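What follows is a short report on a single structure.
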Amino acid sequence: RMIIELKRINGKLSGAIVGPTEDIKPFKKIDETANSVTLTFKYFVFNVHLLLQKKDEIHVVGKLQDEYKASGIKMK
């Protein structure tokens, strides 16, 4: 499990993985479409990408590295 924080500042989406550890990993690249977002971050020496697609107003589903299933819930 991980906690992802995304913010829109001046129309641009930015963010980081902020949990569950204290090691904050900012996203190197964020690509977004109308119903999805691809987040790229560094994990050790690897660039890893996480695709999240909107399922409904509070749920997302996706894949990590096009292989591992991912799901999430919007928190405030």
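Starting from 1, each residue takes its place in the sequence as its number. Being a predicted model, the structure only gives us computed values, none of them experimental. Values below: every heavy atom of this structure, side chains too, minus hydrogens, waters and symmetry copies.
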Closest contact, heavy atoms only, [X] versus [Y]:
{"X": "G15", "Y": "I30", "answer": "N-CD1, 3.9 Å"}
{"X": "F27", "Y": "E5", "answer": "CE1-O, 4.4 Å"}
{"X": "P26", "Y": "A16", "answer": "CA-CB, 3.5 Å"}

If hydrophobic clusters are built by linking Ile, Leu, Val, Met, Phe, Trp and Tyr wherever their side-chain heavy atoms come under 4.5 Å apart, do [X] and [Y] end up in the same one?
{"X": "M75", "Y": "V18", "value": "no"}
{"X": "F46", "Y": "Y68", "value": "yes"}
{"X": "V37", "Y": "Y43", "value": "yes"}

Enumerate donor-acceptor pairs with a distance under 3.5 Å from any side-chain N or O in residues 55-67 to protein atoms, sequence neighbours excluded.
{"residue": "D56", "atom": "OD1", "partner": "I58", "partner atom": "N", "Å": "2.9"}
{"residue": "D56", "atom": "OD1", "partner": "H59", "partner atom": "N", "Å": "2.9"}
{"residue": "D56", "atom": "OD1", "partner": "H59", "partner atom": "ND1", "Å": "2.9"}
{"residue": "D56", "atom": "OD2", "partner": "H59", "partner atom": "ND1", "Å": "3.2"}
{"residue": "E57", "atom": "OE2", "partner": "K54", "partner atom": "NZ", "Å": "3.3"}
{"residue": "Q65", "atom": "OE1", "partner": "H49", "partner atom": "N", "Å": "2.7"}
{"residue": "Q65", "atom": "OE1", "partner": "H49", "partner atom": "ND1", "Å": "3.1"}
{"residue": "D66", "atom": "OD2", "partner": "H49", "partner atom": "NE2", "Å": "3.2"}

Kindly compute the distance separating [atom1] ([X]) from [atom2] ([Y]), expressed to the nearest 0.5 Å.
{"X": "K42", "Y": "N47", "atom1": "NZ", "atom2": "CG", "value": "5.0 Å"}
{"X": "L50", "Y": "F41", "atom1": "CG", "atom2": "CZ", "value": "6.0 Å"}
{"X": "L6", "Y": "S14", "atom1": "CG", "atom2": "OG", "value": "8.0 Å"}
{"X": "N35", "Y": "L52", "atom1": "CG", "atom2": "CG", "value": "12.5 Å"}

T40 side chain reached by V48 side chain, heavy atoms, under 4.5 Å: no
_Check ion pair E32-R8 (N to O, under 4.0 angstrom)_ = yes
- Item | side chain to side chain contact (heavy atoms under 4.5 Å, CB included) evaluation trace for I17 with I3 | CA-CA 6 Å; I17 299 171; I3 299 169; over 6 Å; no
